[in-house]
Amino acid sequence: MKFMKIGTKPDTFYTEEATRTVISDIPSDLTIRINNVCFLLHKIPLVPKCGLLQRLCSDADDSDIVTIDLHDVPGGEDAFELCAKFCYGITINLGAHNFVPAFCAAKFLRMTESIEKGNFVLKLEAFFNSCILEGWKDSIVALQTTIKLPEWSENLGIIRRCIDSIVEKILTPTSKVSWSYTYTRPGYIKKQHQSVPKDWWTEDVSDLDIDLFRCIITAVRSTYIPPPQLIGEALHVYACRWLPDTTKSRPLHSSGSQTEESREKSRRILESIVSMIPSDRGSVSIGFLLKLLSIANYLGASPVTKTELIRKAGLQFEEATHNDMLFPSQLPTDQHFYDIDLVAAVLESYLVLWRRQSPLPTENSHMVRSIRKIGKLIDSYLQVVARDVNMPISKLVSLAEALPDVAREDHDGLYKAINIYLREHPDVSKADKKRMCRMLDCQKLSPEVRAHAVKNERLPLRTVVQVLFFDQESGSRSTTHKPESITRARQAPIEAEAKEECDKKAQHEGTKSSSRVTETSEREIQKRMEAKMVRGDSEKGKERKGETNSTAKMMETKQVSQRRSSR
């Protein structure tokens, strides 16, 4: 940062309540009122240097005390005081932080060369051209101060010249960047890096107001075609600098006017950032898009902004990890922690595009790989949110069922999610258990998972019977190498016979409740299925190897089932 010192006299200004005056043996003959502050000064030396004061004092005699109201001076009383001190020859320090108000006030007072040689405006212009515009951070600081005087800064060309200076430096080849810049990425140490990173400028420009930041990005993109990822990184840095973080915990919702004003400012920043995201896929990461969507839900952004974020996130959804999707719900009415609706909305957007591109997904290997990657992603996400003790089963089931059948090559991940949910929600009803387990396709479970399922006391009995059936079917098929149709033909009569016997028993014991009959029937089906399977396997086992292993396996599953029935 560069500074300019003007004047040699010590500061003799002092303030008493709302009055500012200068220590002098000569009585004050010029009173300047600005807002609530009153300056007691002298016509000499102010009037000779200020063309505006010359005009306002032209009708007064030299001996008259003149009072002038200058409430519309740009920069207010502080900027006027800098101009007054310059007239008195008092030392003042100018820098990028106070140049804009001083320059606007000097222009307002007409402190130009036509009034007196070597006047304030000339010195300020020289400082602006030789120091501020030549410096990187000086240009940014000066540009940021223009937000307090936008019309004056625009009319005097300060904004345009600062933007041109900043953009020119951004476009400078990294090998020629010799000025100081801010770069605080984790793990980056300047002394250990010889080359300047391509995004060296992003942190410094993030200090700007959103409208000025937009001007910089627009100017950069209109001057040359930068890599979309570079613009995306600048947007990411700016968002991290100004938008609330919704990834750690649920933000507190307040109705205070100050909070609402802050939320409105954040909404404006968010919507501006979304509108500036390049259309190129991959210009920003999927994690950043999902983060913006979570922030949009928290801030109550417009439907247009949310829809655009969901669309962009859907295009890149297969690049996500389950950690990218773990955001707390932003609705105060939600008791559950995770925002599963956000993930469901993005998944729906992805599926719309997937179905449009792949009407026959089984014939398109690329699209099959894509949807199966999404299937694994959703199942891993379900395994995390299933631990939420307040997560409604309806939301979990809805998200799991949103995927088409082709998305899951196996159901191991889905089984794990269901098991975790049942473990964390021991009070879930029998009907809800059945509702969850209906999503499982036992034929798509690996042998290891089936072995776990038959011993899993959290599962409904019907599900365990199905797992036993397909486990036995799979074992028979792998041992005998017979077609699946033969195995089903052998086992279907067994199941039918067992069910018929159980129905007769249920009719005989008609005095019992219907629910008890249903449960007993299921258990009888299971017992008789297992018994006949064991007998059948024993008879067939004389003609093939492996009789001992098959029988032992069935006896083990029978014991597990009997223990469940006795309960």
Side-chain angles (χ1 to χ4, degrees), residues 100 139-154 158-160 162-163 166-167 170 199 201-222 228 230-279 283-313 327-332 339 342 345-346:
V100 172
S139 299
I140 293 176
V141 172
L143 180 60
Q144 178 61 19
T145 59
T146 62
I147 62 174
K148 295 181 178 180
L149 298 168
E151 293 185 4
W152 275 91
S153 300
E154 182 69 31
I158 300 174
I159 294 177
R160 178 185 55 78
C162 284
I163 290 177
I166 294 169
V167 172
I170 290 175
D199 59 340
W201 51 274
T202 55
E203 289 190 39
D204 286 323
V205 298
S206 69
D207 290 335
L208 294 171
D209 178 79
I210 184 61
D211 293 329
L212 296 174
F213 176 77
R214 177 192 284 275
C215 291
I216 295 294
I217 297 299
T218 302
V220 169
R221 297 176 71 174
S222 62
L230 187 58
I231 299 298
E233 179 61 18
L235 298 176
H236 180 264
V237 171
Y238 195 90
C240 293
R241 171 76 169 79
W242 292 102
L243 294 178
D245 185 3
T246 61
T247 60
K248 304 301 181 184
S249 60
R250 300 179 66 167
L252 298 176
H253 291 262
S254 174
S255 58
S257 58
Q258 185 176 5
T259 301
E260 183 57 35
E261 181 181 353
S262 175
R263 286 164 65 88
E264 178 59 33
K265 179 181 178 181
S266 297
R267 273 194 293 269
R268 187 169 63 89
I269 292 174
L270 172 68
E271 292 171 358
S272 296
I273 289 176
V274 173
S275 67
M276 286 187 281
I277 295 177
S279 58
S283 59
V284 294
S285 67
I286 178 62
F288 179 53
L289 290 171
L290 294 174
K291 182 178 180 180
L292 290 180
L293 182 55
S294 175
I295 296 172
N297 290 336
Y298 166 61
L299 296 175
S302 67
V304 174
T305 299
K306 291 183 182 180
T307 301
E308 180 64 10
L309 285 171
I310 291 173
R311 185 189 68 82
K312 288 181 178 293
F327 296 100
S329 175
Q330 305 303 326
L331 295 177
D339 191 353
L342 179 150
V346 177

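Distance check, rounded to the nearest 0.5 Å: NZ of K265 to CG of L243 gives 10.5 Å. Once rounded to the nearest 0.5 Å, the distance linking CG of D209 with CD1 of I147 reads 5.0 Å. Atom CG of D204 sits about 4.5 Å away from atom CD1 of I140, to the nearest 0.5 Å. To the nearest 0.5 angstrom, L290 atom CG is 12.0 Å from T247 atom OG1. Rounding to the nearest 0.5 Å places CG of L292 at 11.0 Å from CG of N297. Rounding to the nearest 0.5 Å gives a distance of 9.5 Å between CD1 of I286 and CG of L293.
Heavy atoms only, all atoms of each residue included: A142 and C162 are closest at CB-SG, 4.1 Å. In this structure, I310 and A345 approach most closely via the heavy-atom pair CG2-O, 3.6 Å. For the pair A219 and V167, the tightest heavy-atom approach, listed with the atom from each and the gap, is CB-CG2, 3.6 Å. Of all heavy-atom pairs spanning A301 and K306, the tightest one is O-CE, 3.6 Å. Here the closest non-hydrogen pair linking G232 and V284 is CA-CG1, 3.6 Å.
Under the 4.5 Å side-chain criterion, counting only non-hydrogen atoms from C-beta, F213 is in contact with L235. L289 has its side chain within reach of I277: a pair of non-hydrogen atoms, C-beta onward, lies under 4.5 Å apart. Between W242 and I210, every side-chain heavy-atom pair lies at or beyond the 4.5 Å cut-off. Looking at V100 and S153, their side chains come closer than 4.5 Å, going by heavy atoms from C-beta outward. When side chains are defined from C-beta on, D245 counts as touching K291, because their heavy atoms get closer than 4.5 Å. Contact check for D339 versus Y298: no side-chain heavy atoms found under the 4.5 Å cut-off. S283 places none of its side-chain heavy atoms less than 4.5 Å from the side chain of I231.
Under the side-chain hydrogen bond (donor to acceptor under 3.5 Å, both in side chains) criterion, T146 pairs with no residue at all, not counting sequence neighbours. The salt bridge (Lys or Arg N to Asp or Glu O under 4.0 Å) check on E154 picks up nothing, with sequence neighbours excluded. Residues satisfying the side-chain hydrogen bond (donor to acceptor under 3.5 Å, both in side chains) criterion with T145, sequence neighbours excluded, are absent altogether. Residues forming a side-chain hydrogen bond (donor to acceptor under 3.5 Å, both in side chains) with R221 (at least two apart in sequence, or on another chain): none. Considering only residues two or more places apart in sequence or on other chains, F327 meets the ring-ring contact (aromatic ring centres under 6.0 Å, His included) condition with none of them. Scanning for side-chain hydrogen bond (donor to acceptor under 3.5 Å, both in side chains) contacts around R311 gives E308, with sequence neighbours left out.
Y238 places a side-chain N or O within donor-acceptor distance of the main-chain N or O of L208, the cut-off being under 3.5 Å. Remark: the backbone N or O of S302 is not paired with any side-chain donor or acceptor of R267 at under 3.5 angstrom. Of the possible donor and acceptor atoms, none in the side chain of E271 sits under 3.5 Å from a partner among the backbone N and O of I269. Remark: the backbone N or O of E203 is paired with a side-chain donor or acceptor of S206 at under 3.5 angstrom. Put simply, the side chain of Q330 never gets that close to the backbone of I295: no donor and acceptor are under 3.5 Å apart. Between the side chain of T307 and the main chain of V304, no donor-acceptor pair closer than 3.5 Å is present.
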Could you walk me through whether L143 and I216 pass the side-chain contact (heavy atoms from CB on, under 4.5 Å) test, one step at a time? CA-CA 11 Å; L143 180 60; I216 295 294; 4.3 Å; yes
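Ring planes of F288 and H236: perpendicular class, angle over 60° (limits at 30 and 60°).
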